[in-house]
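The structure under discussion appears below in the form of structure tokens.
Reminder, nothing fancy here: chain letters follow the sequence lines and each chain counts from 1.
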2 protein chains.
Amino acid sequence: MENRWLALKPDETLTTPLYLQLSRKLADAINAGWWQADEALPSERTFSEELGISRVTARKAMDVLLEQGLIRRRQGSGTFITPRLEQPLSRLTGFTEQLRQRGFVPSSVWLERGVFAPSNEEVIKLGLSPTSQVSRLKRQRLADGVVMAIEMTTLPVAYLPEPQQVGTSLYAHLDANGHSVVRALQHIRAVNASGDIATLAGIRPGEAMLLITRIGFNAENIAIELTDTYCRNDYYDFVAELRR
Amino acid sequence: MENRWLALKPDETLTTPLYLQLSRKLADAINAGWWQADEALPSERTFSEELGISRVTARKAMDVLLEQGLIRRRQGSGTFITPRLEQPLSRLTGFTEQLRQRGFVPSSVWLERGVFAPSNEEVIKLGLSPTSQVSRLKRQRLADGVVMAIEMTTLPVAYLPEPQQVGTSLYAHLDANGHSVVRALQHIRAVNASGDIATLAGIRPGEAMLLITRIGFNAENIAIELTDTYCRNDYYDFVAELRR
DNA sequence: GAACGTTAATACCACATTAATACCACGTCA
DNA sequence: TGACGTGGTATTAATGTGGTATTAACGTTC
């Protein structure tokens with residue numbers, strides 16, 4: 001049996017822990033597309049035998065990728081590659097956690113939080129009556145003190161009566177109040193940063209940004225969330241996997 | 001014992017489950033036209049006897065094809081080939097097919113077609129030797145006569161020896177020559193249009209565009225295609241549906 | 001030097017899949 | 001209508017997968 005995974009073998013002579021070396025090499029391999037979405041990785045035992053390390057070490061390396069959401073485990077079955085497109089969703093839910101795992105210090109600055117009359121676009125996309133009200137959240141998303149994105153969210157006031165009480169995670173707040181977003185439709189476009197967005201994002205006006213427009217639906221398939229996220233192109237990079 | 005289905009026999013010595021081996025070989029046989037539409041396949045018992053496996057194993061292999069919609073079962077009667085037109089649509093399609101489905105008339109203007117020495121980036125991403133050669137295609141993509149995108153594709157020369165002979169659809173050409181792209185990884189970023197790209201796309205320099213970088217893999221999971229597509233933001237809109 | 005956390009190993013547990021046997025239910029046709 | 005061939009399903013043993021408790025060796029800290 002040929003040894004296909006030799007490139008992943010950690011170097012015993014280095015001071016870096018074996019499991020960390022392996023987890024990094026594995027992450028690179030996954031990002032390079034060695035395996036496809038939902039495909040099973042080699043088993044922990046395979047890695048331990050082929051790379052000359054113990055099974056628990058191989059397992060611990062995979063623990064890191066598990067926390068990052070790159071892979072998933074099923075007892076008795078195997079370890080599988082997480083489909084790529086799910087990551088943007090979990091990123092928006094767990095912005096804080098995701099960045100922390102990558103060694104950044106995450107934070108956000110509130111720019112606006114309150115109840116307003118809806119705009120025309122919001123009335124249409126959320127299916128509201130023009131006399132109803134919406135809660136609006138606007139904030140800067142930071143990593144290590146650098147602005148990565150500007151995020152503007154609108155919900156019908158019924159789903160978020162007290163926008164002031166939202167902590168760092170809107171999704172956690174919604175979950176706790178029984179209004180989970182279960183499905184989302186994302187439109188990704190490129191736009192030139194307008195003057196005020198550029199100022200908030202800390203870039204020059206006119207620079208290209210990714211604009212992600214999101215409509216979130218609850219379990220009853222009712223649109224309850226509308227979010228525009230302006231992402232700095234030097235920090236964001238969306239990955240999608242396509243199959244026949 | 002001479003039997004017609006010996007080519008389908010799974011290899012007991014491999015670690016791949018027997019039923020998976022069989023289901024793949026069966027799928028190949030169906031696509032190769034071994035049976036006609038609505039024709040009955042050999043029975044589960046026939047397979048199990050001729051291939052030296054249990055009936056449930058043969059059945060399980062056929063379960064996979066059933067899920068893919070390749071075959072249909074009728075209790076008491078038999079298992080039948082699904083007519084091609086009812087088979088599920090492929091999700092990985094090229095520019096040409098996508099636009100045609102939306103009712104546009106796609107066309108393209110060749111800007112470059114030939115064989116070149118690879119760049120550093122191409123050597124790494126395609127896993128080439130620096131002395132090898134690549135075929136390169138560069139073209140404007142039009143819909144109803146309007147430029148929508150500028151596309152630059154690179155393939156190892158082995159997979160596209162004669163780039164001059166590519167028609168409007170690269171994917172159709174590759175399919176016809178047995179080098180189908182089965183899976184692709186796409187990175188989506190926002191960029192400001194450079195001078196020459198802007199000229200080709202018919203927009204002003206500095207305008208935001210979507211840059212889609214794609215790595216295409218063949219059935220053996222080897223990277224065979226590298227494509228950069230610069231999309232006009234006023235025509236292109238990348239949509240994704242996410243679920244929890 | 002003692003206490004502690006990290007690292008990496010061994011050994012065993014729980015669960016899922018695989019692939020077999022045996023039997024059930026439906027269709028076809030003499 | 002009954003015999004036979006078809007797909008449908010329950011059960012089971014073996015194998016392979018992830019899950020975890022325990023331990024030994026090594027740093028770091030006090």
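- Among the protein residues, A/Arg74 comes within range of the sugar-phosphate backbone only, with heavy atoms under 4.0 Å from sugar or phosphate atoms but none that close to a base.
- The OH atom of B/Tyr171 sits 14.5 Å away from atom NE2 of B/His179, with the distance rounded to the nearest 0.5 Å.
- Note: B/Phe47 and B/Trp5 have perpendicular aromatic rings, judged against thresholds of 30 and 60 degrees for the angle between ring planes.
- Look at A/Tyr19 and you won't find any side-chain N or O under 4.0 angstrom from OP1 or OP2 of C/dA8.
- Note: CZ (B/Phe47) to P (C/dA19) measures 17 Å, nearest angstrom.
- Looking at every heavy atom in both residues, A/Arg45 comes nearest to A/Ser48 through O-OG, 2.9 Å.
- Distances shown here put every side-chain N or O of B/Lys60 at or beyond 4.0 Å from the OP1 or OP2 atom of C/dA19.
- Nearest to the side chain of A/Ser54, among C/dC26, C/dT10, D/dT6, sits C/dT10.
- Residue-to-nucleotide contacts include no donor-acceptor pair under 3.5 Å from the side chain of B/Arg73 to the base of D/dG8.
- When each of C/dA25, D/dG18, C/dA19 is scored by its nearest atom to the side-chain atoms of A/Gln75, the top-ranked nucleotide is D/dG18.
- Residue contacts shown for B/Thr57 are limited to sugar-phosphate atoms, with no base heavy atom under 4.0 Å away.
- Here D/dT15 presents its C1' atom at 16 Å from CG of B/Leu14, a figure rounded to the nearest Å.
- Heavy atoms of A/Arg59 sit under 4.0 angstrom from at least one base atom.
- The nearest whole Å value for the distance from the CD atom in A/Glu44 to the C1' atom in D/dG19 is 8 Å.
- Atom pair A/Asp11:CG and C/dA8:C1' shows a separation of 16 Å (rounding to whole Å applied).
- As a whole-Å value, the separation of B/Leu18 CG from C/dT17 C1' is 12 Å.
- The side chain of B/Arg45 lies closest to D/dG7 when the candidates are C/dA19, D/dG7, C/dC12.
- One finds a side-chain N or O of A/Thr79 lying less than 4.0 angstrom from the OP1 or OP2 phosphate oxygen of D/dG18.
- Classification of A/Arg73 and A/Asp63 as a salt-bridged pair holds, one side-chain N sitting under 4.0 Å from a carboxylate O.
- For the pair A/Leu51 CG and C/dA9 C1', the computed distance is 16 Å after rounding to whole Å.
- If you check distances only, the side chain of B/Arg55 does reach the base of D/dG8 with a donor-acceptor pair under 3.5 Å.
- Rounded to an integer number of Å, the gap from CG of A/Leu41 to C1' of D/dG16 is 16 Å.
- The CZ-P distance, from B/Arg72 to C/dC26, rounds to 22 Å in whole Å.
- In this structure, a donor-acceptor pair under 3.5 Å is present between the side chains of B/Ser129 and B/Thr131.
- Closest to the side chain of A/Ser77, from the set D/dG19, C/dT17, D/dA10, is C/dT17.
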